[in-house]
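Submitted below is the structure of interest, expressed as structure tokens.
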Amino acid sequence: MTTGSVLPLLLLGLSGALRAHHEDLTVREACKAGFSEEDYTALISPNVLEGEKLLRVKFSSCLGTKGTQYETNSLDFKVGADGTVFATRELKIPSEQVAFTVTARERQTAEQWDAMVRLLVAQTSSPHSEHKKGKTVALDPSQPPKDTLRPWPQHQSSSGLRRQKRDWVIPPINVPENSRGPFPQQLVRIRSDKDNDIPIRYSITGVGADQPPMEVFNIDSMSGRMYVTRPMDREERASYHLRAHAVDMNGNKVENPIDLYIYVIDMNDNRPEFINQVYNGSVDEGSKPGTYVMTVTANDADDSTTANGMVRYRIVTQTPQSPSQNMFTINSETGDIVTVAAGLDREKVQQYTVIVQATDMEGNLNYGLSNTATAIITVTDVNDNPPEFTTSTFAGEVPENRVETVVANLTVMDRDQPHSPNWNAVYRIISGDPSGHFTVRTDPVTNEGMVTVVKAVDYELNRAFMLTVMVSNQAPLASGIQMSFQSTAGVTISVTDVNEAPYFPSNHKLIRLEEGVPAGTALTTFSAVDPDRFMQQAVRYSKLSDPANWLHINTSNGQITTAAVLDRESLYTKNNVYEATFLAADNGIPPASGTGTLQIYLIDINDNAPQLLPKEAQICERPGLNAINITAADADMDPNIGPYVFELPFIPTTVRKNWTITRLNGDYAQLSLRILYLEAGVYDVPIIVTDSGNPPLFNTSIIKVKVCPCDENGDCTTIGAVAAAGLGTGAIVAILICIVILLIMVLLFVVWMKRREKERHTKQLLIDPEDDVRDNILKYDEEGGGEEDQDYDLSQLQQPEAMEHVLSKAPGVRRVDERPVGAEPQYPVRPVVPHPGDIGDFINEGLRAADNDPTAPPYDSLLVFDYEGSGSTAGSVSSLNSSSSGDQDYDYLNDWGPRFKKLADMYGGGEED
């Protein structure tokens, strides 16, 4: 095979492997089963050793890696559990590639998926083959031949013809991550054959060059040397795809752009990281070796297809180391923790703490990086310990006739998890209580069994009980665990005798008896029974309830006799039955008593005469218009009631002369007039009523009949009804006159009250005209030369200039003759121009203001109005002309009424004199 045919194929395979690796880094949908690629490609050497790992296929399963099984259709290659493809034997591959199919199958669902694996064989070209083709490769003398790439085809001319070869596919450029430099660090040099003829400028584009991240790579435009400018991080970006361009000095394209793939070689620079620092799992106690407990998972950011990212797990320590120091093991590849030894017992060890270590480099502790996490394994409880009684026998005591009483507490021991179904006790009585007097309830806190009486026991019937009680759990016992003989115990319960109350065997006792039996008649013996057969006690009887006080009971033997006549028609009898209650008490310590009820059914006898109904009626004064329906009422019962016989007595004779009775049926008859006319009035008509008892009883009843004039309909007229009541015409007229006089008196009284109220409102002054005052004009009943000649002490009428003696007093302390300190009321101001009607209004307004004045009397002090003098708030009245010589007209005083007549004579009449 020549170099011209082998090298393009090799480069094509390398490019495909890079693209497969790049696409493998894309994010796939979660929980979608299948291979990450349909076609895997890898470059291998012709000589393959046995067990050599070639590549790794990735398969995603929703059920986890444990349920996936890999197969191939080739005997030379197999796939491990983690998807690593390796050779089963030492191989020497003569062909250019090897292809086979990998099948992934899920054990649970039996589904399968296929992927194609292509292994490209890399072959080294011989220098002799190149000379045979007559091709000479020009190398840059400044660089080794391996660092110079000639991605563009060379141009040769033969016989004037020019043939252009196809473009090369450049193999990826490998750059190790975390390189220490120095930077920039040269990666490769790109050359074009045309740079011997014309100057060429080189450039690169793509992510890492002119796209973010910017300037990771750059190229010398003249020499074509490409550099990396800083350390690479594969975990940040695993590969770069650039394009190399060659143009002349004018910017014209000389060569077609060529693709450059730069692959960052992974270094082991990341430790495995656990998803959780603490994992919690559980396993049942008594589990067999190999029981799954939990899975721990650690992720390594390094390349998972290399040893840098292949994580292995191991258990570092286990605490406590009981019963063995290796109770658990872990799958080094999957992280599954399983039990490896028997003997898990929650009652001894409830929790294990396991330190798990994850190491990359396939678990190589010398070269790999490690990290740890904690797995806490809780041993869960199973019902492997049956409950056991602390003793084989228990004892208790209960008084007879008690219920809902705890008579014994049964204690048990259970080593399982407290307050769980494996620990909660359930008690059952299996023998010794056929009548169901007892039950055993569980105390939810202490788990003890409380033997409780649910049905009263009788000392006279059972003096003791021997119970057999079995205890179990709410949850069934674990497989292989048997009940203990200590799960059954005996309970002895003694019954104590108590003084029981006597009781009446026939309660309520009913007897039948005719009413009316005489006092002292023996009715029956109402005796009680004392249930205490082993106690010698006497029973005494007494009455507890006898509403009519008709009965008497013998205190020794309980014989009932009558103390009065029994009457069926009494209010104390209901539905012919009289009821009495008696008490029977023994002489025990303490004494006990019981009650019994005696019911006496009274049989009716004819001891009540019938009564006539109605007692009053009215009828027209002439016969034929209406009649009175009469009947009778009897307190007795049938057959001692109707049919009744109604008849009129022979005495007085006027009864049968004026009235007649017509029988309607056994219970009703009609009373009507026998004569043609009977004067209006009220008549007492005696009627004899006889019942049908044996012997029959009769009664003479009086019915008051009002006889009145009637209209054409047979109804009494109003005047007739009055006349029938016994009032004559004169009496009626007198009553009407009295009513009229009474109404006139009421009307006169109302008129008088209205007039008096009107006069009170029209009064202009409240004082006598002789004592009349107006403002400061006072009458002193003495003459003088005026206010200047009067030696009066007006200081008492003036406002005090100093109020210290008042204000200095304690709050609430005031003399009764002092005027209270407070806001002065606003009294009305009299109009300047007099008017005959304003005086009354002025006085009324002043009266209302004084009523609402909080500083007004009553208190013993001078009432201050407007006064004059030093400090007076009122003006002086000295300027008034006291003579009649002035030019003021006082004639208007004559219009003010008789109360101002004296002033009118003094001022208005002086000039006439």
Side-chain angles (χ1 to χ4, degrees), residues 2-12 14-15 18-19 125 127 129-131 133-175 181-230 232 239-264:
T2 63
T3 304
S5 61
V6 174
L7 186 59
L9 181 61
L10 176 62
L11 297 178
L12 180 60
L14 292 176
S15 177
L18 179 63
R19 285 193 297 270
S125 301
S129 63
E130 295 181 3
H131 289 290
K133 291 294 182 177
K135 179 178 180 180
T136 301
V137 179
L139 299 179
D140 187 354
S142 62
Q143 294 291 336
K146 64 178 180 179
D147 291 340
T148 302
L149 297 179
R150 293 183 180 272
W152 292 283
Q154 298 181 8
H155 302 275
Q156 298 179 355
S157 61
S158 176
S159 302
L161 295 176
R162 179 173 294 179
R163 181 174 62 86
Q164 183 176 357
K165 294 183 179 181
R166 62 193 180 110
D167 292 345
W168 289 0
V169 178
I170 306 301
I173 302 170
N174 295 327
V175 179
F183 295 100
Q185 182 179 7
Q186 181 176 337
L187 299 179
V188 72
R189 182 181 180 187
I190 301 175
R191 292 290 305 276
S192 173
D193 292 340
K194 294 182 180 180
D195 63 356
N196 296 325
D197 301 330
I198 59 174
I200 295 178
R201 301 187 63 176
Y202 301 95
S203 63
I204 55 175
T205 59
V207 176
D210 60 346
Q211 299 177 18
M214 307 286 286
E215 298 181 355
V216 177
F217 305 97
N218 58 29
I219 189 171
D220 189 312
S221 62
M222 299 305 298
S223 64
R225 292 183 178 91
M226 191 170 69
Y227 301 92
V228 59
T229 61
R230 61 191 183 194
M232 308 294 289
S239 63
Y240 295 86
H241 178 200
L242 304 178
R243 305 202 77 184
H245 305 270
V247 297
D248 60 14
M249 302 305 291
N250 296 325
N252 298 320
K253 182 174 70 173
V254 177
E255 301 285 359
N256 291 328
I258 196 69
D259 292 326
L260 299 177
Y261 291 95
I262 300 174
Y263 181 71
V264 182

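Residues: numbered from 1 along the sequence shown.
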More than 12 heavy atoms of other residues, nucleotides or ligands under 6.0 Å from CD of Glu215: is that the case? no
Any donor and acceptor pair, going by atom type alone, linking the side chain of Thr229 with main-chain N or O of Val216 inside 3.5 Å? yes
Note: Gln185 and Pro182 closest approach over all heavy atoms is CB-O, 3.6 Å
Quick one: closest heavy-atom pair of Pro212 and Val207, and the distance? O-CG1, 3.3 Å
Given side chains that start at C-beta, do those of Glu255 and Ile190 come closer than 4.5 Å, heavy atoms only? no
Nearest non-hydrogen partners of Ala244 and Ile204, listed with the distance: CA-CG2, 4.3 Å
Would you check if the side chain of Asp248 reaches a backbone N or O of Asn250 as a donor-acceptor pair within less than 3.5 Å? yes
Which one of Phe217, Tyr263, Tyr261 satisfies the ring-ring contact (aromatic ring centres under 6.0 Å, His included) criterion with His241? Tyr261
Under the side chain to side chain contact (heavy atoms under 4.5 Å, CB included) criterion, do Tyr240 and Val264 qualify, and how do the steps go? CA-CA 8 Å; Tyr240 295 86; Val264 182; 4.0 Å; yes
In terms of heavy-atom contacts, Met214 and Gln211 come closest through SD-C, 3.4 Å
Take Tyr202 and Asp220 through the side chain to side chain contact (heavy atoms under 4.5 Å, CB included) test and state the conclusion after the steps. CA-CA 7 Å; Tyr202 301 95; Asp220 189 312; over 6 Å; no
Pairwise side-chain contact, Ile200 with Ile198, heavy-atom cut-off 4.5 Å (strictly under): yes
For the CD1 atom of Ile173 and the CG atom of Leu260, what is their distance to the nearest 0.5 Å? 5.5 Å
Flag side-chain contact, heavy atom, 4.5 Å: Arg201 against Met222: yes
Distance-minimising heavy-atom pair for Lys253 and Val247: CA-CG1, 3.9 Å
